[in-house]
Each structure stands twice: as structure tokens, then as C-alpha cells.
Amino acid sequence: MSNNMKNIEFEKPSYSEWQDAAIKALKGKPFESLLTKTSEGITLEPLYTQESLVAKLGDELDKQVATIRSLQNSQVFRVAQQVYADTSEAFFTQLDDSLARGNELVTVDSRVNFEWTDEVVAQLATYFSEYSFKITLKKANDPLLAVFDKIAADKREAVTGFVVSQNPITLADFPNVRTYVADTVVYHNEGANAVQELAYALATATKYADQEENFETFSKKFYVSFAVDTQFFTEIAKLRAFKVLWKAFTSAYGITENVKIPTVVETSLRSFSQLDVYVNLLRAANEALSGLIGGADVFTVHPHDALTKPTEQSVRIARNVSLVLKEETNVLKITDPAGGSYFIESLTADFVKEAWALFLEIEAAGGIDAYTASGKLATELDASYQARLKASQTRKQSLIGTNIYANPADVLENETNPLFAEIKRIAVPFEQLRAEMTAADVKTGILALGSLKSSKPRADFVSGFLNTVGLVPEKSEPVATAEEALAWLTATEAKYIVIAANDDNTKELVPAILAGKPADVIVDVAGKFKDEEEAWLANGLNGFIFAGQNIIEKLNSVFVSMKEVQR
């Protein structure tokens with residue numbers, strides 16, 4: 001037995017053998033059905049192999065991996081937990097607690113509920129002298145800027161940090177504070193995809209580099225800021241691709257040595273929802289792991305309730321997400337842990353190619369400012385945002401707890417955090433329609449035909465469909481005849497009914513149900529019935545509910561019809 005085991009070999013199937021097996025398993029569907037198109041327009045293959053990657057990149061593969069590793073900073077994934085407080089006293093109490101519990105950067109948005117008085121900024125200045133920081137400014141004369149005046153002259157050279165602002169500020173005596181930022185988070189929050197974010201980062205870098213007397217002066221002031229979304233592998237590849245693009249960018253300026261630029265990263269809020277908010281915690285953890293693997297230098301995890309009002313507990317949980325990943329996963333013991341992955345290396349290369357092409361297009365148009373002024377950038381962002389909306393509303397992209405597996409018992413918070421109120425979140429249409437339908441006390445129902453076994457699949461689908469906007473339909477017991485169905489329709493308080501049954505029972509009973517239904521009841525059918533559609537619609541059917549349908553458009557139209565019937 002032991003000798004036989006020693007001689008066992010594991011055969012390595014070829015790609016063609018795997019493809020043949022896949023085609024057989026598809027049972028008539030084309031092999032192309034396994035291909036996936038990303039929001040960046042990149043086609044994902046169902047299988048990546050070493051051979052396919054080498055064939056695609058050749059010698060560029062080793063160069064890509066070497067570039068990414070050579071540009072990795074020695075300190076990575078430093079925790080930058082933002083502090084939230086209503087008073088200055090609470091702010092410093094929470095800041096002290098945060099720093100004592102693993103936070104590494106003083107992270108502050110200047111838009112606070114208290115005043116940045118001389119006393120407050122002087123106290124904050126003592127922290128800047130000891131800790132690195134990340135501050136966000138929202139206006140040129142932001143009162144938080146006074147903090148730099150409060151730092152002693154002999155300590156200014158040792159101060160390190162990052163300033164996020166729309167226009168760079170000048171800090172002549174702070175050589176280690178970076179004030180030139182390619183802040184792609186603003187584009188991300190408008191709907192940008194990974195390729196666009198990378199291209200806009202390079203275009204912004206060009207703008208600032210050309211304003212300085214030399215590249216070295218610029219590079220010491222510059223950093224890039226990203227938000228990472230829930231597309232795990234996409235975000236890893238995005239962060240890795242920036243390093244490759246940055247190497248090409250510096251080469252264009254005649255720089256031959258490696259110039260390491262910090263990547264300051266945060267979890268995305270555009271996929272956050274005010275519904276089932278604890279799912280936001282899971283999203284943030286997923287995003288943080290992609291940032292860790294992707295090589296982020298500084299990382300902020302937004303609390304799961306950031307859209308309303310973070311609490312001390314939610315902030316601590318968010319901070320601990322970073323700490324658990326940093327301390328317990330051992331990922332940081334590996335340089336470029338995603339390096340060599342056939343899929344991620346291929347995706348990284350695709351992002352590099354597409355982002356560089358868009359960057360050159362922006363430069364040809366006169367640079368990032370001219371590109372923005374022309375309206376092209378806004379058009380691109382809107383197209384990406386609309387595509388993202390459509391994907392969520394048709395469930396091509398899942399948003400757990402919002403467009404699928406929604407909990408209709410969730411209550412929307414009235415309070416909104418002004419820091420994040422303008423983000424174009426894909427959950428907003430669901431939240432808005434839920435609020436409107438809840439206020440209108442919409443009554444809905446599901447009429448099941450046939451047996452429980454035959455009607456349940458479509459009944460469950462319809463229930464989940466309606467749950468996304470907070471509706472809990474009244475469900476009938478399965479009925480076998482049109483008379484029973486009409487009796488239930490007459491007795492129920494629901495004014496919007498969806499018939500759920502298998503194809504045979506639906507075709508058999510729907511005509512009689514339509515002929516006898518109450519005039520003030522709106523009736524839809526679950527499923528697609530192309531042959532019967534025209535006749536049923538002519539005889540009083542409102543429409544159909546089916547997989548792949550735009551949930552918001554469908555339920556909005558139902559809501560409008562219900563209000564018209566009630567007039």
C-alpha cells in the first residue's frame with residue numbers, strides 16, 4: 001500500500017480538456033456564457049492558467065511583479081480610524097482611546113459639530129507633533145488649518161501626515177506633510193470604475209507635477225487616495241495596477257530610480273445601505289482585506305452606521321476590523337501576497353492597459369481640468385453610475401439586505417450624517433421607495449394557484465421582490481379553482497396582487513381570474529408568458545414580475561398605478 005501511494009501522480013489536465021468538460025456541463029449553452037464583462041469593460045475568463053498568462057503578458061509578467069514589489073513601502077496598512085464627536089472634549093477623549101487601542105494616525109474631517117477655536121487647535125497640534133495624521137479640509141480658509149501655526153518651529157520638520165483638500169495648501173515649513181493628493185475617492189463616490197479612478201489619478205499627478213520646479217519636489221508632496229469597493233479581486237488589482245502605472249508615469253519624466261508614493265485608502269461608502277446596516281460591517285471587512293492584500297499604505301474602515309451617526313462601539317468595531325486583519329491574518333508577512341495569481345496578474349495588466357489609454361486621452365484633451373470643463377469626465381462618471389444602478393436594480397449585482405434578502409422589518413433612520421450625504425449610493429432608490437410605500441401603507445398580496453409545491457418557488461421570489469421596498473405581502477393558501485381565487489381577491493385588503501403558480505396553472509386560471517377580479521385590484525403575474533401577454537394585458541392584467549427585471553422601475557410603476565386607482 002505505502003509503495004503504491006509513493007507512485008501516485010496527479011495528472012494535470014490541459015485547458016482544452018477542461019474546456020471540453022465545461023461545454024459538456026453547460027448542456028447546450030455556449031461556452032461564451034461563462035465569460036463575464038466587468039463594469040470597466042474587461043472580459044473575465046472562466047479559468048486562468050499559467051500558460052494563458054504567459055501567452056498574454058510574456059516578459060511583461062516578471063516586470064509587472066517586480067515593479068509592484070519594488071514600489072511597496074516598508075510600512076503598510078497603517079490604521080487611520082476617523083474620530084467622530086459632538087464636542088471637543090469628547091473628541092479628545094475618543095482620540096486618546098483610539099490611539100491607545102491600535103489607531104496609528106490621527107484622522108479628522110474638519111466638518112465637526114464643535115468650533116475649531118485657538119484652544120482646540122492648539123491641543124490638536126500636540127498630537128500632530130507625536131503622531132502622523134490624515135486631515136480632510138473642505139475650504140481654502142478652513143479653520144482647522146490653524147493647527148499648523150500652533151506647532152513649534154523646531155518640531156515641524158518631524159511632522160508627517162496627509163492633507164486631503166480640493167486644492168493643495170502650502171506648508172513651507174513641513175517638508176514631510178503631503179498636500180498634493182490625487183483624491184480619486186470623489187470620483188469613486190460619483191460612480192467611477194477602477195480604470196477611471198486610475199486614469200484620473202495619473203492625470204491629477206500630471207497637473208501637480210507640471211506646477212512644480214522639478215519632479216522630486218512634486219513627488220515628496222504627492223500621494224494618491226482610493227476607496228475600495230466590494231468587488232474583491234477588482235480592488236486588489238486596482239491598487240497593484242497603480243504601482244505599475246506610477247512606474248510608467250515616472251519614466252515619462254525621465255526618472256529611472258523607484259519613487260515610492262503612499263496609497264491612502266478607505267472603505268467605500270457607495271455600496272453602504274441604511275437598511276440592514278450590519279451588512280455594511282461585512283462589506284467593510286471584505287474591502288479592508290482587499291486593501292491589505294492590494295498593498296494599501298494607510299487604511300480607514302468606515303463604521304457600519306457611518307451614514308447616520310457612528311457610535312463609540314461602531315467606531316471601535318471598525319478599528320478592530322483593521323487590527324484583526326493586520327495582526328491575525330499574517331498577510332503582512334508576505335510582500336505582494338497576490339503576486340503570481342494568474343487571475344489577479346491578468347486583471348492587473350488589463351487595468352494598466354486600459355487606464356493608461358484613458359490617461360493619454362485625458363492628456364490629449366488638455367489635462368484633467370480641461371477634460372472636466374469639457375463635460376467628458378462628468379459624462380463618463382454618470383454612465384458608470386447609471387450602469388451600477390441598473391446592475392443593482394436588476395440584481396446583476398447583489399446588495400445583500402437591500403436588493404436581495406431584504407428585511408422588511410428594518411426601519412430607516414431619519415438622521416443622516418452630512419459628511420456622506422452626497423455620495424451616490426446604489427441603495428438610495430430602494431430606501432426612497434421603501435419610505436414612500438411605508439408612508440402610504442401599501443397593501444399587497446400573493447395569490448398562490450395549484451399546490452404548495454408548485455406555487456412556492458414563484459411565491460417566494462415575489463415575496464423577496466416586494467421585501468426590497470419594505471412590503472410584506474399577504475399570502476393566500478394555494479387555491480385550485482378560479483372561484484376560490486376570486487373569493488380570496490374579494491376578501492383581501494390588498495390592492496396589489498401577484499399571481500404565483502407554475503406555467504400550467506397560471507395559463508389555466510388567469511383568464512377567468514381577470515374576468516372576475518374587483519376593478520380596484522391591480523393584478524400581476526409572476527413569470528414570463530410571451531404568448532399570452534397581449535391577451536392578458538388587454539383583459540385587465542397590469543403586468544409581470546420576473547427575474548432580471550428592474551425592481552425599482554417595476555415597483556415605481558405599480559405604486560403610481562395604485563395611487564391612480566385610489567383617486
Side-chain angles (χ1 to χ4, degrees), residues 1-69 193-195 198 228-241 243-244 282 286-287 289-295 329-331 334-357 387-388 391-392 394-398 400 404 457 547-548:
M1 174 69 78
S2 59
N3 289 332
N4 289 337
M5 286 186 177
K6 291 179 180 178
N7 295 327
I8 289 177
E9 294 183 0
F10 295 95
E11 293 184 9
K12 182 181 180 181
S14 65
Y15 182 87
S16 61
E17 289 175 321
W18 174 86
Q19 188 175 32
D20 290 341
I23 292 173
K24 184 178 179 180
L26 287 170
K27 297 180 180 180
K29 292 182 180 180
F31 179 77
E32 288 71 25
S33 64
L34 297 177
L35 304 178
T36 305
K37 203 81 167 180
T38 72
S39 60
E40 293 79 16
I42 291 167
T43 300
L44 302 183
E45 302 284 342
L47 181 68
Y48 289 83
T49 65
Q50 183 179 17
E51 292 76 14
S52 64
L53 185 61
V54 171
K56 178 179 181 176
L57 297 181
D59 294 339
E60 291 299 313
L61 175 59
D62 290 339
K63 186 184 296 184
Q64 174 171 290
V65 173
T67 297
I68 291 168
R69 294 176 181 178
N193 61 42
V195 166
L198 290 166
V228 292
D229 210 344
T230 55
Q231 303 297 311
F232 186 73
F233 295 111
T234 292
E235 299 301 337
I236 293 172
K238 179 176 79 177
L239 297 179
R240 297 178 80 248
K243 290 182 171 61
V244 180
L282 305 178
N286 171 73
E287 294 163 1
L289 182 57
S290 64
L292 179 70
I293 295 173
T329 63
N330 288 329
V331 171
I334 309 297
T335 300
D336 185 27
S341 163
Y342 306 145
F343 171 41
I344 296 178
E345 291 293 3
S346 179
L347 191 56
T348 299
D350 288 335
F351 284 169
V352 168
K353 178 182 177 182
E354 297 299 324
W356 190 261
R388 202 174 297 278
S392 69
T394 57
R395 287 183 172 169
K396 288 184 178 179
Q397 178 182 343
S398 294
I400 305 300
I404 191 169

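Scope of the values below: all heavy atoms of this structure, side chains included, with no hydrogens, waters or symmetry mates.
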Under the salt bridge (charged side-chain N to carboxylate O under 4.0 Å, His left out) test, which residues partner Lys63, sequence neighbours left out? Glu60
Under the salt bridge (charged side-chain N to carboxylate O under 4.0 Å, His left out) test, which residues partner Lys56, sequence neighbours left out? Asp350
Output all residues satisfying side-chain contact (heavy atoms from CB on, under 4.5 Å) with [X], sequence neighbours left out; order by chain, then residue number.
X      : value
Val244 : Gln64, Ile68, Val352
Pro457 : none
Thr329 : Leu292, Leu325, Val331
Lys29  : Leu26, Ser33

Residues pairing under salt bridge (Lys or Arg N to Asp or Glu O under 4.0 Å) where one sits in residues 14-27, two or more places apart or in two chains, turn out to be none
Which pair of non-hydrogen atoms, one from [X] and one from [Y], has the smallest distance, and what is that distance?
X      : Y      : result
Ile293 : Ala338 : CG2-CB, 3.8 Å
Ser39  : Asn193 : O-ND2, 3.4 Å
Leu53  : Glu345 : CD2-CB, 3.8 Å

List for me each residue that meets side chain to side chain donor-acceptor pair (under 3.5 Å) alongside [X], sequence neighbours excluded, and say none if there are none.
X      : answer
Gln397 : none
Thr394 : none
Lys243 : none
Asp336 : Arg69, Arg240

The reported gap from CG in Leu347 to OG1 in Thr38 (rounded to nearest 0.5 angstrom) is 7.0 Å
For the atom pair CG (Leu289) and CD1 (Ile236), what is the distance rounded to the nearest 0.5 Å? 6.5 Å
Side-chain donor or acceptor of Glu40 paired with backbone N/O of Ala194 under 3.5 Å: yes
Counting N and O atoms only, with roles assigned by atom type, does the side chain of Ser52 sit under 3.5 Å from a partner on the main chain of Thr49, one being a donor and the other an acceptor? yes
When the ring centroid of Tyr48 is compared with that of Tyr342, is the distance short of 6.0 Å? no
Val65: which of Leu61, Thr67, Asp62 passes side-chain contact (heavy atoms from CB on, under 4.5 Å): Leu61
Residue pairs fulfilling side-chain hydrogen bond (donor to acceptor under 3.5 Å, both in side chains) with at least one residue in residues 229-239, sequence neighbours excluded: Glu197-Lys238, Asp229-Arg270, Asp229-Ser271, Glu235-Lys238
